[in-house]
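Before any comments, here is the structure.
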Amino acid sequence: MARLNPVRGTHDILPDDNRRYRRVEETAYDVAGLYGFGEITTPVFEFTEVFSRTLGDTSDIVTKEMYTFEDRGGDLITLRPEGTAGIVRALISNGLQQDLPLKLFYRGPMFRYERPQKGRWREFRQVGIELLGVAAPIADIETIALAQQILSELGLADKVTLELNSLGDTESRAAYRDKLVAYLKQHESKLSEDSRMRLERNPLRILDSKDEGDRAIIADAPRLNDSLNEASRTFFDDVCTGLDDLGIPYEINPKLVRGLDYYCHTAFEFTTNELGAQGTVLAGGRYDGLSKQMGGPEAPGVGWAAGVERLSLLVDEGEAVPGPIAVIPMGDAAQRFAMTLTQKLRGKGFSVELGYSGNLGKRMKRADKLGACAAILIGDDELNRGSGTVRDMVTGEQSEVSWDAMEEHLARYR
RNA sequence: GCGAACGUAGCUCAACUGGUUAGAGCACCGGCUUGUGGUGCCGGGGGUUGGGGGUUCGAGUCCCCUCGUUCGCCCCA
């Protein structure tokens with residue numbers, strides 16, 4: 001066992017994994033493009049307050065999960081634990097309010113100091129989108145539809161469920177919070193220890209408790225839905241109707257609550273039961289007050305983020321990439337010629353492998369291992385003849401092909 | 001941060017109740033084959049059994065600590 005290990009919760013992404021991650025990211029990027037989303041890249045770290053101010057003082061992310069350090073200039077810096085806060089900061093920094101509505105896609109690493117588990121890392125990758133500047137439910141609908149399309153293009157339509165809820169506007173949420181706390185206080189002694197803590201910090205979360213005793217109490221608790229005011233009610237109905245119109249299936253989950261302070265109205269998660277405790281694969285919601293809260297302009301927003309590692313655990317291998325063409329020289333003269341030929345073919349867009357050493361047998365073996373579709377053999381005979389021996393690695397058929405005709409002959413392997 | 005299980009070769013796993021030199025398959029390298037890959041046969045390199053301490057005549061095996069992984073809780077992508 002090697003002593004030199006990566007830091008806990010981080011991992012090296014080898015070429016095979018990267019291929020799968022890229023498939024997830026590229027699919028998300030491509031589909032987002034169909035909806036008119038452009039890619040934004042913000043720094044991987046920000047001033048700590050960008051996150052601490054926006055995520056909520058009581059959220060777990062802020063209280064125990066941030067990678068925070070002081071840089072040499074004495075500034076407090078945090079590796080971003082999520083993408084939204086940085087993007088809204090970018091909106092403000094760049095005066096982008098005049099370009100609203102904005103449709104932004106992002107991807108990249110996020111950092112949270114958590115206990116690693118399957119599908120949960122300390123450094124992990126997300127893809128996400130934010131739609132800023134649209135207060136109407138159509139934004140929520142479009143955002144969810146985009147998520148749905150990405151997931152189904154990844155072949156996950158049957159593996160995930162869309163859960164949906166409304167947190168209501170600030171007024172509704174505050175009213176509900178009061179009602180809920182009043183109810184729970186009556187049963188405080190019977191609540192689990194965790195939930196008693198949550199009663200102070202984030203009572204809504206108690207709705208989602210897995211403790212059996214808690215669940216019994218929650219069963220009779222006032223429902224969030226009943227506390228929605230007229231406007232919130234209508235908003236949520238419009239979102240649901242829109243999803244119905246598009247034929248996007250969902251389940252309303254009245255207990256779905258988001259952990260971060262800035263969410264309001266629509267909250268949603270795509271979940272799977274194939275990843276153990278890490279069932280959430282893509283999650284998001286509306287955050288109308290965030291920009292203002294950060295000292296920026298009024299800019300309602302809705303968006304989501306998805307875990308690339310989690311998604312790629314669900315995604316199939318994907319179609320095999322066509323193998324390269326192997327150029328196999330024998331002898332010094334052939335070696336030099338082969339280098340030139342290889343470069344020429346690469347210049348024409350072929351994927352070409354030129355082995356580094358070994359005799360014919362070795363090189364053939366290596367070409368086979370690489371999954372080469374064809375091999376071009378070059379020895380003294382070929383050099384004299386002015387043509388290469390092209391062997392089809394699947395059929396084993398060989399043919400003489402003049403250098404001039406090589407590109408055309410190889411076209412079949414593209 | 002809390003609870004539990006597990007850690008033997010690059011990978012997947014063996015090694016009876018503690019007992020000689022820790023094995024196998026796959027993978028890797030070489031040979032049969034210096035102008036021909038896949039199959040086959042032969043051979044080879046690889047391990048301070050995660051690390052440290054302890055018990056014992058003797059520890060991969062038992063005990064303690066530590067690190068790591070996995071599962072659950074918390075929370076989340």
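Per chain, numbering begins at 1; letters A, B, ... match sequence-line order.
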(request) Whenever both distances are under 3.5 Å in a Watson-Crick or G-U wobble pair, mark it; put RNA chain B into dot-bracket that way, with [ ] for crossing pairs and | when the partner is on another strand. (result) (((((((..((((.....[...)))).(((((.......))))).....(((((..]....))))))))))))....
(message) Please classify the nucleic acid contact of A:Ala305 as base, sugar-phosphate, or nothing, using heavy-atom distances under 4.0 Å.
(response) sugar-phosphate
Do any N or O atoms of the protein come closer than 3.5 Å to N or O atoms of nucleotides 29-32 of chain B, and which pairs are they?
unit_1 : atom_1 : unit_2   : atom_2 : d
B:rG31 : OP2    : A:Lys362 : NZ     : 2.6

(message) Please classify the nucleic acid contact of A:Val394 as base, sugar-phosphate, or nothing, using heavy-atom distances under 4.0 Å.
(response) base
(message) On RNA chain B, compare the nucleotides closest to A:Phe270 and A:Met330; which residue's is nearer the 5' end?
(response) A:Met330
(message) Any donor-acceptor pair, under 3.5 Å, between the side chain of A:Glu382 and the base of B:rG35, if you only look at N and O atoms?
(response) yes
(request) Can you spot which of A:Trp304, A:Tyr29, A:Phe37 makes a ring pair (Phe, Tyr, Trp, His ring centres under 6.0 Å) with A:Phe105? (result) A:Tyr29
(request) From the options B:rG1, B:rU69, B:rC76, select the nucleotide whose nearest atom is closest to the side chain of A:Thr280. (result) B:rC76
(request) Decide yes or no, distance alone: a donor-acceptor N/O pair under 3.5 angstrom between the base of B:rG38 and the side-chain of A:Asp368. (result) no
(request) Using only heavy-atom distances, decide whether a donor-acceptor pair under 3.5 angstrom links the side-chain of A:Arg310 to the base of B:rC76. (result) yes
(request) Find the distance A:His11:NE2 to B:rU70:C1' and express it as a whole number of Å. (result) 16 Å
(message) Rounded to whole Å, how long is the line connecting atom CH2 of A:Trp121 with atom P of B:rG68?
(response) 14 Å
(request) Report yes if a side-chain nitrogen or oxygen of A:Gln117 is closer than 4.0 Å to either non-bridging phosphate oxygen (OP1 or OP2) of B:rG72; otherwise report no. (result) yes
(message) Heavy atoms only, 4.0 Å cut-off, all strands: where does A:Leu282 land among base, sugar-phosphate and nothing?
(response) sugar-phosphate
(message) Please classify the nucleic acid contact of A:Arg391 as base, sugar-phosphate, or nothing, using heavy-atom distances under 4.0 Å.
(response) base
(request) For the pair A:Arg125 and A:Glu25, find out whether any cationic side-chain nitrogen is under 4.0 Å from an anionic carboxylate oxygen. (result) yes
(request) Scan for side chain to side chain donor-acceptor pair (under 3.5 Å) pairs involving residues 369-382 of chain A, sequence neighbours excluded, and state none if there are none. (result) A:Glu382-A:Thr389
(message) Please determine whether a side-chain nitrogen of the Lys or Arg among A:Arg107 and A:Glu26 lies less than 4.0 Å from a carboxylate oxygen of the Asp or Glu.
(response) yes
(request) Inspect the contact between A:Asp368 and A:Lys365 and indicate whether a charged nitrogen and a carboxylate oxygen are less than 4.0 angstrom apart. (result) no
(request) Examine the base of B:rG37 for any acceptor or donor lying under 3.5 Å from a partner atom in the side chain of A:Arg363, and report the outcome as yes or no. (result) no
(request) Calculate the interatomic distance between A:Arg122 atom CZ and B:rC75 atom C1'; express it in whole Å. (result) 14 Å
Find every protein N or O atom lying less than 3.5 Å from an N or O atom of nucleotides 2-6 of chain B, and list the pairs.
unit_1 : atom_1 : unit_2   : atom_2 : d
B:rC2  : N4     : A:Arg115 : NH1    : 2.6

(request) Kindly say if A:Arg112 contacts the phosphate of B:rA77, meaning a side-chain N or O under 4.0 Å from OP1 or OP2. (result) yes
(message) Without decimals, in angstroms, what is the distance between A:Glu400 CD and B:rU36 P?
(response) 15 Å
(message) Can you tell me how the ring of A:Trp121 sits relative to the ring of A:His11, calling it parallel under 30°, perpendicular over 60° and tilted otherwise?
(response) parallel
(message) Nearest to the A:Thr389 side chain among B:rU36, B:rC75, B:rA77, which nucleotide is it?
(response) B:rU36
(message) Assuming nearest nucleotide by heavy-atom distance, tell me which of A:Gln398 and A:Gly119 is located more 5' along RNA chain B.
(response) A:Gln398
(request) Let me know the distance between NZ of A:Lys118 and P of B:rU70, rounded to the nearest Å. (result) 10 Å
(message) Going by side-chain contact (heavy atoms from CB on, under 4.5 Å), name the residues that satisfy it together with A:Gln126, two or more places apart in sequence or in a different chain.
(response) A:Tyr106, A:Met110, A:Arg112, A:Phe124, A:Ala305
(request) For A:Tyr35, look at atom OH and say whether over 12 heavy atoms of other residues, nucleotides or ligands are found less than 6.0 Å away. (result) yes
(request) Using a 4.0 Å heavy-atom cut-off across all strands, classify A:Gly9 as base, sugar-phosphate, or nothing. (result) sugar-phosphate
(message) Would you say CZ of A:Arg22 has more than 12 non-hydrogen atoms from neighbouring residues, nucleotides or ligands within 6.0 angstrom?
(response) no
(request) Could you state the atom-to-atom distance from CZ of A:Arg120 to C1' of B:rG68 in whole Å? (result) 17 Å
(request) Could you pull out all residues at least two apart from A:Ser93 that satisfy side-chain hydrogen bond (donor to acceptor under 3.5 Å, both in side chains)? (result) A:Arg89
